[in-house]
Amino acid sequence: GEEFFEHGGFEHSRTLYDEMLRVPLLFKAPGLRPGLREIQTQSVDLAPTLACVAGAQVPTDLAGADLAPILQRGAAAEPIAFAETPGDRYAIRTREWKLIATLEGHDELFHLTTDPYEQVNLASSRPEQTARLRERLNTVLAGAYQAGARVRRDVAPVSPGTLERLKALGYVR
């Protein structure tokens with residue numbers, strides 16, 4: 001996604017508004033009938049989906065969900081979507097609501113059905129909905145923390161030139 005001043009930023013800004021997060025996904029797989037699906041997904045769902053479509057065994061500790069049943073049948077039970085700018089802001093989204101929050105308690109709540117451009121923050125006027133989504137967000141964050149604690153700290157080396165390019169593009173701080 002790219003931002004073009006919808007919320008004050010440009011290009012790869014560090015926001016969690018839909019202009020940055022809601023991007024098309026094109027997917028072709030054997031047995032999948034062509035057509036447009038209006039479903040909510042997350043990038044972490046790609047690996048398990050591709051593995052399942054390829055007939056591979058999906059590791060039990062792999063994040064994300066296999067989207068093939070939703071893509072094939074248009075199942076109604078869609079997962080929530082989670083996004084983050086690590087250490088800064090976190091978002092949780094359903095088809096109807098979206099919460100953007102900080103760990104310090106700054107909340108932005110948007111009713112996406114009536115406010116698809118996320119212009120009216122309803123956090124203070126809808127405290128019960130804000131609390132419900134914050135609880136779901138806390139559950140996701142706790143799961144991510146536990147999963148991260150199990151990950152080994154080994155990382156692949158990144159050349160200084162590649163690191164500088166990633167920083168220039170806004171992918172690394």
Side-chain angles (χ1 to χ4, degrees), residues 1-3 11-101 110 112-113 116 118 132-159 161-173:
E2 298 288 336
E3 186 175 358
E11 293 182 338
H12 277 70
S13 67
R14 299 197 183 279
T15 71
L16 294 174
Y17 299 108
D18 274 4
E19 59 266 15
M20 293 298 297
L21 302 179
R22 196 160 182 239
V23 296
L25 169 65
L26 302 176
F27 197 89
K28 181 178 179 180
L32 183 62
R33 64 176 168 69
L36 177 66
R37 319 285 194 291
E38 283 287 334
I39 63 172
Q40 182 167 270
T41 64
Q42 305 176 96
S43 57
V44 297
D45 297 330
L46 289 176
T49 301
L50 293 172
C52 285
V53 167
Q57 184 69 26
V58 179
T60 56
D61 60 346
L62 184 64
D66 175 18
L67 298 173
I70 295 172
L71 292 171
Q72 290 168 343
R73 294 187 294 280
E78 293 182 44
I80 58 168
F82 167 76
E84 66 180 328
T85 55
D88 184 31
R89 295 191 179 281
Y90 305 88
I92 193 160
R93 186 187 196 284
T94 67
R95 302 255 301 161
E96 187 177 6
W97 293 97
K98 182 173 183 184
L99 175 71
I100 301 174
F110 302 101
L112 300 172
T113 307
E118 300 165 302
R132 275 195 294 276
L133 284 174
R134 185 168 264 289
E135 185 163 324
R136 290 181 83 179
L137 177 61
N138 289 342
T139 300
V140 170
L141 289 172
Y145 178 79
Q146 291 169 351
R150 292 189 301 267
V151 175
R152 291 184 354 190
R153 297 284 182 214
D154 296 340
V155 296
V158 177
S159 73
T162 298
L163 187 58
E164 287 306 312
R165 284 193 299 267
L166 290 170
K167 284 179 181 177
L169 290 170
Y171 290 111
V172 177
R173 289 185 195 176

Roughly how far apart are Glu135 CD and Ile92 CD1, rounded to 0.5 Å?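 Nearest 0.5 Å value for the CD-CD1 distance: 10.5 Å.
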Taking atom CG of Leu137 and atom CZ of Arg93, what is their separation to the nearest 0.5 Å?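 Reported to 0.5 Å precision, the distance equals 15.0 Å.
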With side chains defined as the heavy atoms from C-beta onward, is the minimum distance between [X] and [Y] less than 4.5 Å?
{"X": "Phe110", "Y": "Ile100", "answer": "yes"}
{"X": "Val140", "Y": "Tyr90", "answer": "no"}
{"X": "Arg136", "Y": "Leu99", "answer": "no"}
{"X": "Leu133", "Y": "Trp97", "answer": "yes"}

Sequence neighbours excluded, which residues qualify as salt bridge (charged side-chain N to carboxylate O under 4.0 Å, His left out) partners of Arg134?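 Partners of Arg134 under the salt bridge (charged side-chain N to carboxylate O under 4.0 Å, His left out) test: Asp107.
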Check ion pair Lys98-Glu118 (N to O, under 4.0 angstrom):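 Salt bridge between Lys98 and Glu118, a charged N being under 4.0 Å from a carboxylate O: yes.
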Sole candidate of Val44, Leu67, Val58 that passes side-chain contact (heavy atoms from CB on, under 4.5 Å) when paired with Thr49: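 Of the listed options, the one satisfying the test is Leu67.
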After noting the C-alpha distance and the side-chain angles of Arg89 and Leu16, does the key distance pass the side-chain contact (heavy atoms from CB on, under 4.5 Å) rule? CA-CA 8 Å; Arg89 295 191 179 281; Leu16 294 174; 3.7 Å; yes
